[in-house]
Amino acid sequence: MPNKSHIHFFLPGLFQPLALWRKDFAFQPVAENLLRLCAGATVETLPVQGLENTLFHQAGHPADTELPFAYYRYLLDFGVPPPQALLCADPVLLKSGQDSVVMQPSLPHLTEQEMATLLTLLNSHLAEDGLQLVAKHPQRWYLLGDRVQGTTPLRTVPLSQALGQSIFALLPQGDKRYWHRLLNEIQMLLHTSEIPAVNALWLWGASSSSLPSLQKGSWGGFLGSSTTAEVMASATNTPYHPVTTFADCQVDAGNYAIILEDLHIPSVTDDLHHWEQAHAELEAYWFAPALAGMKSSKFDISISACDGRLLHCQASPAWKFWQTRAANWDQLI
């Protein structure tokens with residue numbers, strides 16, 4: 001079919017926990033529609049992992065350079081480009097163990113007043129280094145200043161890839177002595193506050209104040225109900241469609257990205273029960289209609305769990321209509 005749509009699913013947490021759960025509990029998800037979608041799929045290896053890295057790579061961003069996420073998220077939050085180089089500086093809660101410090105997967109919930117109090121506290125210290133924290137959303141903060149665009153390029157890890165992880169190997173690289181010291185100072189200041197929900201900031205997505213180069217208009221739209229989908233639509237100058245089921249999707253010819261993050265937190269918290277619940281909803285409201293559309297040649301389907309692979313699904317030939325093909329978990333995990 002000429003000018004057919006190609007729908008790309010980005011589903012962090014879809015496959016990542018399954019090998020361990022299979023080993024420990026002999027767990028095997030009920031996933032008839034997903035397995036039929038993936039029957040005969042060809043696998044493309046990607047040079048990146050993680051949701052934001054995968055999306056930016058698919059939009060033409062080089063895999064070996066810092067992800068300029070802060071620029072586009074700031075633009076989404078404030079409606080104007082950032083005036084200086086900046087980082088995402090998101091409030092998080094760290095928990096110390098005997099040999100590690102682990103980021104808690106649930107992000108802090110702050111009131112507007114708590115956010116304002118913490119910004120004032122921290123900015124009085126950061127001003128000495130020509131830095132400033134700003135925010136319009138309690139969970140999305142930014143650190144602005146020329147120091148971000150130093151002589152040594154920063155390399156950071158997106159917040160989504162740090163959730164539930166030991167953070168030592170994930171801290172900013174590039175003039176790391178300065179940035180690690182600054183993070184320690186921020187932690188000490190936060191400990192003096194009377195707001196226990198936050199005890200650290202996570203720095204990531206370093207961007208200059210000039211527009212990063214991405215492939216504009218290469219996507220027909222980004223679909224989903226997350227900030228990430230909105231940011232990617234802004235970054236590629238394509239429409240954002242807030243949808244919660246496949247039935248809500250309106251697609252024409254071209255490439256469309258569907259970003260669904262419901263499996264990610266259960267995946268990193270080893271929460272099989274909530275993972276199964278989220279997966280069952282994906283099966284019913286996304287994979288079943290996607291399979292029907294692919295079988296009727298309305299569109300092509302690709303699937304990525306943001307694990308360094310992109311699965312290009314293949315519909316059965318029309319003359320083999322009597323066959324019901326399905327992948328197996330050995331092939332997928």
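The residues of the chain are indexed from 1 along the displayed sequence. These values consider heavy atoms only, across backbone and side chains, with no hydrogens, waters or symmetry-generated copies.
Looking only at atom types and distance, the side chain of Gln250 has no donor-acceptor partner in the side chain of His241 under 3.5 Å away. Side chains of Asp307 and Gln49: no donor on one and acceptor on the other come within 3.5 Å. Gln84 and Ser209 share no donor-acceptor pair across their side chains, judged by distance under 3.5 Å alone. Donor-acceptor pairing under 3.5 Å is lacking for the side chains of Asn33 and Trp286. Between Glu185 and His125, the side chains place a donor N or O and an acceptor N or O closer than 3.5 Å (distance only, hydrogens not considered). For the residue pair Tyr178/Arg147, the side-chain donor-acceptor check at 3.5 Å is not satisfied. Side chains of Thr227 and Arg140: a donor on one and an acceptor on the other come within 3.5 Å.
The main-chain N or O of Trp219 is never found under 3.5 Å from a side-chain atom of Asn255 such that the two would form a donor-acceptor pair. No donor-acceptor pair under 3.5 Å is formed between the side chain of His57 and the backbone N or O of Glu52. In terms of modelled atom types and a separation under 3.5 Å, the side chain of Glu66 and the main chain of Thr156 share a donor-acceptor contact. In this structure, the side chain of Gln16 engages the main chain of Gly13 through a donor-acceptor pair within 3.5 Å.
Checked for salt-bridge contact, Lys4 and Asp252 miss the test: no charged N lies under 4.0 Å from a carboxylate O.
Taken to the nearest 0.5 Å, the CG atom of Leu263 stands 11.5 Å off from the CD atom of Gln277. Annotation: the span from Leu122 atom CG to Leu201 atom CG amounts to 6.0 Å, rounded to 0.5 Å. Rounding to the nearest 0.5 Å gives a distance of 11.0 Å between CG of Leu118 and CD of Glu194. Rounded to the nearest 0.5 angstrom, Ile186 CD1 and Trp179 CH2 are separated by 8.5 Å. Here Leu310 contributes atom CG and Thr45 contributes atom OG1; the two are 10.0 Å apart, rounded to the nearest 0.5 Å. Rounded to the nearest 0.5 angstrom, Glu281 CD and Asp262 CG are separated by 7.0 Å.
When every heavy atom of Pro108 is checked against every heavy atom of Gln139, the shortest pair comes out as O-NE2, 3.0 Å. The minimum heavy-atom distance between Cys313 and Ile303, with the atom names listed, is SG-CD1, 4.0 Å. Nearest heavy-atom pair across His6 and Ser302 is NE2-OG, 2.7 Å. Heavy-atom minimum distance, Ser210 versus Ser208: OG-OG, 3.0 Å. Taking every heavy atom of both residues into account, Pro91 and Pro138 meet most closely at CG-O, 3.4 Å. The minimum heavy-atom distance linking Leu170 with Gln161 is given by the pair CD1-O, 4.1 Å.
Note on ring orientation: taking the six-membered ring where Trp is involved, the planes of Phe56 and Tyr72 are tilted (angle from 30° to 60°).
Between Phe69 and Trp204, the distance separating the two ring centers is shorter than 6.0 angstrom. Ring-centre distance between Phe222 and Tyr240: not below the 6.0 Å cut-off.
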Worked verdict on Ile333 versus Arg22 for side-chain contact (heavy atoms from CB on, under 4.5 Å)
CA-CA 10 Å; Ile333 62 174; Arg22 187 180 187 184; 3.9 Å; yes
Run the side-chain contact (heavy atoms from CB on, under 4.5 Å) check on Leu86 and Val148 step by step: do they pass?
CA-CA 6 Å; Leu86 75 165; Val148 175; 5.6 Å; no
Please test Phe299 against Phe246 for ring-ring contact (aromatic ring centres under 6.0 Å, His included), starting from the C-alpha separation and ending with a verdict.
CA-CA 13 Å; Phe299 39 71; Phe246 199 91; 5.6 Å; yes
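Phe9 and Val48 sit in two unconnected hydrophobic clusters of ILVMFWY residues. Membership requires side-chain heavy atoms under 4.5 Å apart, directly or through other members.
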